[in-house]
Amino acid sequence: ASAAPAAAASVDGPDAQLNLPDLAGSPAAMASAGPALAQLGDAPKSVRFGAIIVRHRGAQATSPKARTREDALEKAQSLHKLAQEDFKEAVKQGDPGSVENAGKMFRGILEPTVEVALFRLKKGEVSDVVATPRGFIIFRRRK
């Protein structure tokens, strides 16, 4: 199952399937995000990444029949363990939209907590499970 390609302003790449513009922070949220974004320090201006998505009931663009938040968190934690050793396999077990190569993301696009989680990663590193408006996401920085 393939999702619509993401907007070029946020993500590019051959496997880009994430629809991340919904994660973008509002100007007010970005203005109040100073302390969180200050954690980025000398983080790169852009990164290439992959992402595993686990959706749940109540998340944006998710069916009311989706799994509960608790079940989604349990699955995300299980996939996080797998992703540490085999990210490609964890992507296969993630929800539609999960991709090994989501392309390039630039700083200043995502909501602050998501941006910090992604941009603080070192090359090859896998993030913790990150709660987002669209469900739980596990990132892996490619470059």
Side-chain angles (χ1 to χ4, degrees), residues 1-26 29-30 32-143:
S2 66
S10 61
V11 180
D12 66 2
D15 298 332
Q17 295 179 3
L18 293 176
N19 186 7
L20 292 178
D22 288 347
L23 297 178
S26 68
M30 294 304 283
S32 67
L37 294 178
Q39 296 178 43
L40 290 176
D42 61 354
K45 300 290 184 214
S46 67
V47 296
R48 293 193 177 276
F49 70 103
I52 301 163
I53 300 170
V54 181
R55 291 186 171 78
H56 58 81
R57 198 174 311 139
Q60 293 175 354
T62 302
S63 165
K65 296 179 182 180
R67 67 179 67 86
T68 66
R69 189 177 197 284
E70 294 76 19
D71 288 346
L73 179 56
E74 186 176 310
K75 179 174 181 174
Q77 290 169 336
S78 174
L79 288 175
H80 178 260
K81 288 178 187 172
L82 177 59
Q84 300 282 338
E85 297 186 22
D86 189 345
F87 192 81
K88 185 176 186 172
E89 182 58 33
V91 165
K92 290 178 187 176
Q93 294 181 32
D95 287 350
S98 298
V99 292
E100 191 174 0
N101 180 7
K104 184 186 284 188
M105 176 65 67
F106 294 91
R107 282 175 58 176
I109 294 174
L110 300 173
E111 68 178 19
T113 56
V114 176
E115 186 156 315
V116 168
L118 176 58
F119 281 83
R120 289 188 69 196
L121 294 174
K122 293 177 175 55
K123 292 178 186 175
E125 192 173 22
V126 174
S127 74
D128 290 331
V129 175
V130 181
T132 76
R134 295 184 65 86
F136 296 106
I137 298 182
I138 302 160
F139 294 110
R140 178 175 172 265
R141 181 169 164 199
R142 296 176 54 84
K143 294 181 183 180

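The structure presented is a predicted model; accordingly, all values stated were derived computationally and were not measured. No hydrogens, no waters, no symmetry mates; every other heavy atom, side chains included, goes into these values. Positions are given from 1 along the sequence.
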**Message:** One pair to check against side chain to side chain contact (heavy atoms under 4.5 Å, CB included): Leu118 and Leu110. What are the steps and the verdict?
**Reply:** CA-CA 9 Å; Leu118 176 58; Leu110 300 173; 4.0 Å; yes
Shortest non-hydrogen contact between [X] and [Y], atoms and distance:
X	Y	answer
Ala83	Val126	O-CG2, 3.7 Å
Arg134	Thr62	O-OG1, 4.4 Å
Phe106	Ser46	CD2-CB, 3.6 Å
Phe119	Met105	CZ-O, 3.4 Å
Ser98	Asp95	OG-O, 2.8 Å
Ala117	Ser127	O-CB, 4.3 Å

**Prompt:** Step by step, would you call His56 with Asp71 a side chain to side chain contact (heavy atoms under 4.5 Å, CB included)?
**Reply:** CA-CA 8 Å; His56 58 81; Asp71 288 346; over 6 Å; no
Side chain [X], main chain [Y], donor-acceptor under 3.5 Å:
X	Y	value
Arg67	Arg55	yes
Ser78	Ala76	no
Arg57	Pro64	yes
Glu115	Gly108	yes

Measuring from atom [atom1] of [X] to atom [atom2] of [Y], what distance do you get when rounded to the nearest 0.5 angstrom?
X	Y	atom1	atom2	value
Lys75	Phe136	NZ	CZ	13.0 Å
Gln84	Arg140	CD	CZ	11.0 Å
Arg142	Glu100	CZ	CD	6.0 Å
Gln77	Ile138	CD	CD1	9.0 Å
Ile137	His80	CD1	NE2	13.5 Å

**Asked** Once the angle between the rings of Phe139 and Phe49 is folded into 0 to 90°, is it parallel (under 30°), tilted (30 to 60°) or perpendicular (over 60°)?
**Response**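 Perpendicular, since the angle between the ring planes exceeds 60°.
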**Request:** State whether the number of non-hydrogen atoms from other residues, nucleotides or ligands found under 6.0 Å of Glu89 atom CD is greater than 12.
**Result:** yes
**Request:** Apply the test side chain to side chain contact (heavy atoms under 4.5 Å, CB included) to residues Val47 and Leu121: give CA-CA distance (whole Å), side-chain angles for both, the deciding distance (0.1 Å), then the verdict.
**Result:** CA-CA 9 Å; Val47 296; Leu121 294 174; over 6 Å; no
**Request:** Kindly determine whether Glu125 and Arg120 satisfy side chain to side chain contact (heavy atoms under 4.5 Å, CB included), including the steps that lead there.
**Result:** CA-CA 10 Å; Glu125 192 173 22; Arg120 289 188 69 196; over 6 Å; no
